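From a predicted model like this one, the values you see are computed outputs, not experimental measurements.
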Amino acid sequence: MPELPEVEVVRAGLARHVTGLAVNAVAVHHPRSVRRHLAGADDFAARVVGEQIVAVRRRGKYLWLPLSSGDAVIAHLGMSGQLLVRPFDAPTELHLRVRLGFADAEHDLRFVDQRTFGGLAVSRDGADLPAEIAHIAPDPLEPAFVDEVFRQRLRRRRTGLKRAMLDQTLVSGIGNIYADEALWRAKLHYARPTETLRRPEVDRLLLAVREVFAAALRAGGTSFDALYVNVNGQSGFFDRSLEAYGRAGEPCSRCGTPIRREVFMSRSSYFCPRCQPRPRRARW
DNA sequence: TTCTGCTCCTGAGGGC
DNA sequence: TGCCCTCAGGAGCAGA
């Protein structure tokens with residue numbers, strides 16, 4: 001389940017392997033994977049073939065590849081998307097959705113996506129932040145992220161803390177796994193009303209998010225199964241360092257209380273009921 | 001305007 | 001062995 005660290009690992013890998021290459025072939029194997037490109041698969045291919053990939057950039061969980069034409073290929077991995085650099089004669093993956101071939105290279109770029117929540121599209125705004133993802137807020141590792149702006153916007157919300165953390169228009173890059181991990185580190189309950197957060201608590205949360213992201217980046221990301229891999233098809237190791245997510249029933253490493261799992265927003269939330277006590281007035 | 005809940009999707013795993 | 005059900009969750013959208 002790719003979140004910021006995983007997407008950053010993919011971005012760095014793509015930057016090494018595809019920057020400067022000219023696309024000479026595009027094959028769309030599943031139309032759903034280009035559904036955000038409203039003009040359709042043929043137009044998607046026509047806009048990419050013949051163009052050179054100038055760079056590989058990221059905002060939150062989105063990637064975009066500016067092209068020599070001034071357009072950009074936008075990519076989101078969804079839950080199970082992979083961008084793989086493979087020898088062009090390597091066997092076809094079961095869930096191969098889109099394939100880009102290159103002139104003067106012995107490898108191709110494959111978008112493989114089991115659950116098809118991810119996808120590719122072409123934007124006309126390749127030079128800067130594409131308009132299609134302009135609503136995505138900066139992530140806490142970006143220089144453009146201003147802590148004070150985040151504090152104010154968070155405290156103006158009238159919702160639960162985890163729901164706010166997952167809102168990519170408020171802060172980007174955080175998904176279910178790292179939200180639980182950061183909340184555990186910051187000793188905050190996921191249903192804490194955002195308007196009741198004090199400044200030191202928001203600062204603690206931001207520090208926790210940055211620590212979790214940094215640790216995950218060092219480990220190459222989190223991988224519970226084969227669904228998250230880098231461009232070479234290798235898994236990360238951060239799942240071995242998780243303190244809360246996926247550890248229901250196991251003792252909290254701080255206090256020994258069993259980690260609890262609750263369903264929230266139709267997904268699992270893991271927390272320590274002692275370190276992260278439920279607020280008297282919870283917001284879901 | 002803001003917030004909430006539904007929907008999309010596929011395969012693994014468990015129960016019968 | 002085969003069928004059915006549940007679970008996993010990012011993000012857009014509709015409705016309150």
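- Nearest-nucleotide positions on DNA chain B place A/Arg156 closer to the 5' end than the other of A/Asp113 and A/Arg156.
- C/dG12 atom C1' lies 19 Å from atom CZ of A/Arg115, rounded to whole Å.
- A/Leu63 places its CG atom 16 Å from the P atom of C/dG10, with the value rounded to the nearest Å.
- If you check C/dG10, B/dT4, B/dC3 against the side chain of A/Arg157, the one that comes closest is B/dC3.
- Atom pair A/Asp139:CG and C/dG10:P shows a separation of 16 Å (rounding to whole Å applied).
- Backbone-only contact: A/Tyr62 has heavy atoms under 4.0 Å from sugar-phosphate atoms and none from a base.
- In this pair, A/Tyr190 and A/Phe271 present their aromatic rings perpendicular. The plane angle is above 60°, beyond the 30 to 60° band.
- Atom-to-atom, NZ of A/Lys162 to P of B/dG5 comes out at 15 Å; the value is rounded to the nearest Å.
- Closest to the side chain of A/Glu3, out of B/dC3, C/dG10, B/dT10, is C/dG10.
- Within the 4.5 Å cutoff, no side-chain heavy atoms of A/Glu262 are placed close to those of A/Tyr270.
- A straight line from CD of A/Glu93 to P of B/dT10 spans 18 Å, rounded to a whole angstrom.
- Applying side-chain contact (heavy atoms from CB on, under 4.5 Å) to A/Ile174 and the options A/Asp167, A/Val212, A/Val209, A/Leu4 leaves one that passes, A/Val209.
- A/Phe150 and A/Phe145 have tilted rings, their planes meeting at an angle from 30° to 60° on a 0 to 90° scale.
- Salt-bridge formation is not detected for the pair A/Asp128/A/Arg57: no Lys NZ or Arg NE/NH1/NH2 atom is positioned less than 4.0 Å from an Asp or Glu carboxylate oxygen.
- Note that the two end axes of the helix from B/dT2-C/dA16 to B/dC16-C/dG2 enclose an angle of 50°, each drawn from 5 base pairs, rounded to 10 degrees.
- For A/Met79, the side-chain atoms get nearest to C/dA8 when compared with the rest of B/dC3, B/dG11, C/dA8.
- Distances from the side chain of A/Asn176 to the nucleotides B/dT10, C/dG12, C/dG10 place C/dG10 closest.
- The base of C/dG10 sits with one of its N or O atoms less than 3.5 Å from a complementary donor or acceptor on the side chain of A/Arg267.
- Salt bridge absent: A/Asp139 and A/Lys61 never bring a charged side-chain N and a carboxylate O closer than 4.0 Å.
- Minimum atom distance to the side chain of A/Arg261 is reached by C/dC7, of the listed C/dC7, B/dC8, B/dG11.
- Of the candidates B/dT4, C/dG12, C/dA8, C/dG12 carries the atom nearest the A/His135 side chain, counting heavy atoms from C-beta on.
- For C/dA8, the OP1/OP2 oxygens have no side-chain nitrogen or oxygen of A/Ser80 closer than 4.0 Å.
- Summarising the geometry, the separation between CZ on A/Arg153 and C1' on B/dT1 is reported as 13 Å, rounded to the nearest angstrom.
- Proximity note for A/Arg36 (side chain, C-beta onward) versus B/dT4, C/dG12, B/dT10: the nearest is C/dG12.
- Between A/His95 and B/dG11, a side-chain N or O to OP1/OP2 separation shorter than 4.0 Å is present.
- Ionic pairing of A/Arg115 and A/Asp113 is not present here: no N-O contact between side-chain nitrogen and carboxylate oxygen is shorter than 4.0 angstrom.
- For the OP1/OP2 pair of B/dC8 and a distance below 4.0 Å, the side-chain nitrogens and oxygens of A/Arg32 include no atom meeting the criterion.
- At a threshold of 4.5 Å between non-hydrogen side-chain atoms, the residues A/Ile53 and A/Val23 count as touching.
- Side-chain atoms of A/Arg97 lie closest to B/dT10 of the nucleotides B/dG5, B/dT10, B/dC3.
- In this structure, the NE2 atom of A/His30 is 11 Å from the C1' atom of B/dC8, given to the nearest Å.
- Atoms CG (A/Asp180) and C1' (C/dA8) sit 13 Å apart, rounded to a whole Å.
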